[in-house]
Every structure is written in structure tokens, then in C-alpha cells.
Amino acid sequence: MDIALVILAAGKGSRMNSDLPKVLHPLAGAPLLVHAMQAGASLDPKHTVIVAGHGADQVRAAALSHDATCTVVEQTEQLGTAHAADQARNKLQGFEGTVIILYGDTPFVTAETLGAMLKAQQDADVVVLGFEAADPARYGRLVTEGDTLLKIVEYKDATDEERSIRLCNSGVVACDSRLLFEMLSEIDNDNAAGEYYLTDIPERARARGLRATVVRCDESETLGINTRAELASAEAAFQARARRDAFENGVTMPAPETVYFAFDTVIGRDTVVEPHVIFAAGVTVESGATIRSFSHLEGCHVARGGVIGPYARLRPGTELSENVRVGNFVEMKNARVGTGTKVNHLSYVGDATLGERSNIGAGTITCNYDGVMKHHTHIGDDVFIGSNTMLVAPVHIGNEAMTGSGSVITSDVEPEALALARAPQIEKPGMAKKLFAMLRAKKAQQQRGS
Ligand code: UD1
Ligand code: CA
């Protein structure tokens with residue numbers, strides 16, 4: 001059975017009080033919309049259609065950068081959820097299979113729940129995802145009879161008796177594509193909000209002698225984000241779950257509440273993550289590594305046995321082979337580092353390739369930027385880079401070469417050579433003593449004069 005996802009993301013999200021469209025506010029390092037896309041992607045959909053409206057250009061760019069195969073359609077006027085879903089009609093013309101409708105501001109729906117909906121769809125025509133709300137507030141209410149969903153009533157249109165129902169509408173719907181679009185064209189806006197309600201679908205199905213049913217999930221999965229405070233609570237909920245998952249996957253964290261994960265962080269077994277570590281998007285850490293306190297990692301890969309930090313910053317494009325050490329106050333960007341190489345103190349390594357077993361001395365800098373362009377530094381195997389070496393890229397240091405401390409290296413260094421590029425030391429016997437005497441006399445004169 002083929003699946004198409006339709007993700008509604010046209011709303012303004014006025015309560016965010018933001019220039020940024022609500023669905024682009026980040027949660028765990030990715031826009032809310034990407035979380036919804038990721039949940040849906042678990043079903044391996046044939047089509048993913050995003051319905052954008054407010055900030056459509058930005059939403060389109062974000063959606064396509066996450067998944068270049070998705071389609072973004074524009075709903076120029078926000079006339080309601082049924083009208084929004086209907087914008088996918090052209091794209092899904094001729095599609096045979098099940099459409100699942102998700103909301104761009106509802107990031108936590110799980111793959112298991114969507115799977116349960118597809119299963120329920122085997123003996124129902126429409127499946128709606130519902131939840132028992134602790135505080136049903138203004139959610140749409142699900143009116144059921146046994147397993148059958150009779151109708152959904154919006155809060156604004158509900159009677160007191162209907163408002164007392166605790167089973168609420170999450171908004172997620174699964175329905176055969178052809179049937180869905182037939183029913184969408186029958187929906188009118190004759191209701192308290194004057195909107196085209198997607199929630200009219202179960203009644204439409206009943207009118208055709210078809211059956212709607214409910215799949216239930218935990219309220220935490222259907223959490224929708226409307227305000228910045230809710231965004232912060234969602235972040236806390238995400239982090240709590242990510243920390244639990246990390247423990248289950250065999251990660252040691254003495255202070256889990258101080259460690260922050262991104263939506264896509266992967267950490268191997270028996271890795272230790274010390275307090276106050278932040279994983280931004282795109283990080284994988286293999287087994288048996290140690291990420292020491294106050295390190296910040298983004299878009300990088302740490303292989304088995306690596307020791308990172310404390311106070312290290314790994315930026316996008318950093319690829320560390322096994323047993324690499326990156327010490328305090330070291331920044332790396334777009335750098336490949338070979339097995340066993342050490343960059344232990346106070347260095348910047350950017351746009352560089354480092355071989356195996358090399359040692360990069362304290363204060364080394366790859367001078368990768370000339371003010372206009374970026375250039376590459378290549379360091380071979382078994383190299384010793386002396387402390388405070390400036391490697392002015394593009395530059396190539398051969399295997400088993402050395403650079404003297406304080407060198408400014410502007411040309412390539414042959415294998416096994418020692419490169420020195422600093423002013424030679426000169427020594428003037430007795431000169432310090434004379435200088436001290438002169439300076440002290442001067443100070444004494446000044447003090448007498450004042
Ligand atoms: C909707 C449901 C309600 C449910 C609640 C769950 C309807 C009529 N009501 O209400 O039963 O309990 O969600 O959170 O469906 N959107 C568009 N275009 C539009 C209107 C909305 O893209 O014209 C998008 C929004 O961006 C949002 C989603 O659809 O992602 C839901 O819209 P919203 O206005 O928040 O619906 P609710 O009133 O919360
Ligand atoms: Ca809402």
C-alpha cells in the first residue's frame with residue numbers, strides 16, 4: 001500500500017509573536033516542520049506534500065533542504081484545515097493509496113503510532129488519531145460509539161455535553177486518497193468559525209455508509225506548539241526522552257540534565273558524555289569515546305576511542321578517525337584527522353587533512369582564510385608541528401616532518417624535513433642588567449619630579 005503525506009503548515013502562528021513562520025522555529029536543532037517530516041518519513045511515503053502559506057518561501061526552502069524530493073504547495077488564504085489539505089489535490093491526482101495528514105507544528109508523533117493508524121485502516125475507511133486530554137480545553141472532541149467514530153465536533157460548535165468528552169482530536173488523519181479528495185470537495189464552511197473543517201471528514205464518511213475509527217496515543221505525542229513557552233516545554237520533553245534513550249543505548253552521563261541532544265544525534269555504546277556537553281545537528285559518536293565537559297559538537301563524526309574536550313568545539317565537516325584526541329580550547333572545522341593524532345591545546349584546525357599519529361602543538365593555527373577565499377592545509381603521518389606554528393594555507397607538510405615552535409609556514413615542507421620560519425635568536429651579554437638599571441633610574445627620576 002503506497003503512502004502520501006500531507007503536512008499542514010500554512011498557519012501564521014500569531015501567538016509565537018515572531019517574523020519567523022511558526023513551523024520553522026527550531027526544536028532540538030531542527031525546525032518543527034522537519035520533526036513532522038521525519039515522523040512521516042518512517043512510513044517511506046511515495047509523496048510528501050507540504051502545505052505552506054505564511055512565510056511560504058522560507059518554509060519551502062527549509063522543507064526542500066531537509067528532503068529535496070518533497071513538494072511544497074501554497075495555500076494563499078488560510079480558510080481552514082480542509083481547505084489546506086485540499087491544496088494537495090493536484091499533486092496527488094491519480095495517486096492510489098493512503099494519505100496521512102500531519103500538522104507542521106506537532107513534532108512528536110511517533111512512527112509506531114502512524115503504523116497503528118495504517119493497521120486500523122485495514123478495516124475502517126477513515127482513521128483519526130485521538131488522545132485523552134488532561135485538559136481538553138479547546139481541542140475538537142471525538143464522538144464515538146464503541147470503536148466507531150461518529151463525528152468530530154469543534155469546541156466552538158460543541159454542546160455542553162460534547163464538551164465534557166475527554167477524547168480529543170489530534171488532527172492526524174489517514175484515509176484513502178481518492179475518497180479523501182472526494183469528501184474534501186463536499187465540505188462547506190457553515191460553522192462557528194466560518195472555516196472549512198477537516199474534522200467534517202468522519203461525518204462525510206458516515207453519510208456514504210462508510211466507517212471511521214479512532215487510534216489512541218499518549219497526549220505527549222500530539223503536543224502542538226503555539227507559543228514560545230510551549231516550544232520551551234517541548235524542548236524539555238524532547239531532551240528528557242533523548243537522555244533516556246541514550247542511557248538505554250549504553251551511554252554513560254553523570255549529569256544527564258546538563259547534556260543537550262539534537263534531533264539526529266547518534267552516540268555509541270560505552271561512550272561517556274561528561275556534564276555540560278551540547279550536541280547540535282548532525283553528530284555521530286562511535287562506541288567507547290569520551291566527550292568531556294563543556295564541549296560543543298556539530299556536524300561531525302567522532303570514531304571509536306576518541307577523547308574530546310574539555311572545552312572543545314567541533315564544527316561541521318569534522319571527521320575524526322579512531323583514538324584521536326582533541327583537547328581544551330581547540331576548534332575544528334571541515335577537518336579530517338587520522339588515527340591516533342593529537343591536537344591537545346589551544347588550536348584552530350580548519351579546512352585541513354591530518355594524517356595518522358601526528359602531534360599538533362599548542363597554539364597551532366591553520367590560517368585558512370585570506371580574506372576572500374578558503375585554502376586547505378595538509379599534514380602527513382607522524383608529523384610534529386611545534387607549538388604556535390602558523391600554517392598559512394594552502395600548504396602541505398610531508399610525512400615525518402617537523403616544524404619549529406613559533407614558525408610561520410608559508411611553503412610546503414618535504415617529508416622528514418625540519419622547517420624553521422622565525423627570526424633567529426640573538427643574545428647580548430650583560431644587556432639585561434644595563435637595561436634594568438636604566439629603567440629603574442628613569443622611574444626614580446619621575447617619582448622625584450611628581
Ligand atoms: C485543529 C482541529 C481540532 C484539533 C486541533 C489539534 C480542525 C477544524 N480542528 O484545530 O479538532 O483538536 O487541531 O491541534 O481541523 N492550517 C493550515 N491552513 C489553514 C488552517 C490551518 O495550513 O487554513 C494548519 C496550521 O498551520 C496548523 C494546522 O493546520 O499546523 C492546524 O490548524 P489550527 O488552526 O491550529 O487548528 P486548531 O484550531 O488548533
Ligand atoms: Ca492549533
Side-chain angles (χ1 to χ4, degrees), residues 5-16 18 20-25 31-37 39-40 49-56 58-60 63 72-88 101-109 126 128-133 135-143 149 151-158 162-163 165-173 175 180 183-184 187-204 212 214 216-217 219-227 230-231 234:
L5 292 178
V6 175
I7 306 182
L8 307 188
K12 185 166 184 207
S14 329
R15 286 191 284 156
M16 293 301 276
S18 176
L20 189 68
K22 174 165 79 174
V23 294
L24 298 189
H25 279 261
L32 290 172
L33 175 63
V34 166
H35 289 264
M37 290 172 77
V49 184
I50 316 282
V51 182
H54 283 277
Q58 280 169 284
V59 171
R60 177 178 293 108
V72 180
V73 295
E74 205 168 328
Q75 184 196 26
T76 45
E77 268 186 300
Q78 281 69 59
L79 303 179
T81 44
H83 179 258
D86 201 40
Q87 306 307 306
I101 299 175
L102 299 174
Y103 287 179
D105 63 355
T106 305
F108 291 141
V109 180
V126 173
V128 169
L129 182 62
F131 62 102
E132 295 281 345
D135 172 14
R138 306 186 67 81
Y139 285 117
R141 305 297 206 268
L142 302 186
V143 182
L149 173 60
K151 61 173 179 171
I152 308 177
V153 270
E154 284 305 283
Y155 179 82
K156 284 183 186 168
D157 303 290
E162 287 165 340
R163 286 180 182 181
I165 297 172
R166 298 263 309 273
L167 185 62
C168 291
N169 176 30
S170 71
V172 181
V173 179
C175 181
L180 174 72
M183 294 193 292
L184 283 176
I187 291 175
D188 61 29
N189 62 352
D190 183 15
N191 54 52
E195 286 184 6
Y196 296 88
Y197 286 168
L198 185 59
T199 47
D200 286 353
I201 288 288
E203 261 183 304
R204 292 273 110 236
V214 184
R216 291 161 202 249
C217 70
E219 185 170 6
S220 58
E221 275 190 52
T222 64
L223 188 83
I225 287 146
N226 300 298
T227 64
E230 285 169 5
L231 182 62

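Positions are given from 1, in the same order as the sequence printed here. In listed order, ligands and their atoms are each counted from 1.
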(message) Taking Y155's backbone N and O only, do any of them form a donor-acceptor pair with R163's side chain (distance below 3.5 Å, no angle check)?
(response) yes
(request) Please identify which atoms of ligand 1 are closer than 4.0 Å to at least one heavy atom of S170. (result) 6 (C)
(request) Give the contacting part of E154 toward ligand 1: side chain, backbone, both or neither, where contact means a heavy-atom distance below 4.0 Å. (result) side chain
(request) State the atoms of ligand 1, each with its element, that fall below the 4.0 Å cut-off from a heavy-atom position in G140. (result) 3 (C), 4 (C), 11 (O), 12 (O)
(message) Heavy-atom distances under 4.0 Å decide this one: backbone, side chain, both or neither, for C168 against ligand 1?
(response) neither
(request) Using a strict 4.0 Å cut-off to heavy atoms of L8, name the atoms of ligand 1 that fall inside it. (result) 22 (O), 24 (C), 29 (O), 30 (O)
(request) Return yes if some donor-acceptor pair links the side-chain N/O of R166 with the main-chain N/O of E132 below 3.5 Å, else return no. (result) no
(message) Tell me whether K151 is salt-bridged to E162, with the criterion being a basic N under 4.0 Å from an acidic carboxylate O.
(response) yes
(message) As a check for students: among G130, A137, G80, A133, identify the option with a heavy atom nearest to atom 19 (C) of ligand 1.
(response) G80
(request) Indicate, as side chain, backbone, both or neither, the part of V51 found under 4.0 angstrom from ligand 1 when only non-hydrogen atoms are considered. (result) neither
(request) With sequence neighbours left out, write down each residue that passes ring-ring contact (aromatic ring centres under 6.0 Å, His included) with Y139, or none if nothing qualifies. (result) F131
(request) State the atoms of ligand 1, each with its element, that fall below the 4.0 Å cut-off from a heavy-atom position in T199. (result) 7 (C), 8 (C), 9 (N), 11 (O), 15 (O)
(message) Within the 3.5 Å criterion, strictly below it, is a donor on E77 or H83 matched to an acceptor on the partner's side chain?
(response) no
(message) Out of Y139, Y103, Y155, who is nearest to atom 13 (O) of ligand 1 when you count heavy atoms only?
(response) Y103
(message) Using a 3.5 Å distance criterion without hydrogens, assess whether the side chain of D157 forms a donor-acceptor pair with backbone atoms of A192.
(response) yes
(message) Show the atoms of ligand 1 that are less than 4.0 angstrom away from any heavy atom in T81.
(response) 7 (C), 8 (C), 15 (O), 20 (C), 21 (C), 29 (O), 31 (C), 32 (O)
(request) Could you tell me whether the side chain of R204 and the main chain of M183 form a donor-acceptor pair under 3.5 Å? (result) no
(message) Using heavy atoms and a 4.0 Å limit, tell me yes or no: is G53 in contact with ligand 1?
(response) no
(request) Examine the proximity of ligand 1 to Q75 and report which part, side chain or backbone, both or neither, has a heavy atom under 4.0 Å away. (result) side chain
(message) Using a 4.0 Å cutoff against the non-hydrogen atoms of D105, which atoms of ligand 1 qualify?
(response) 30 (O)
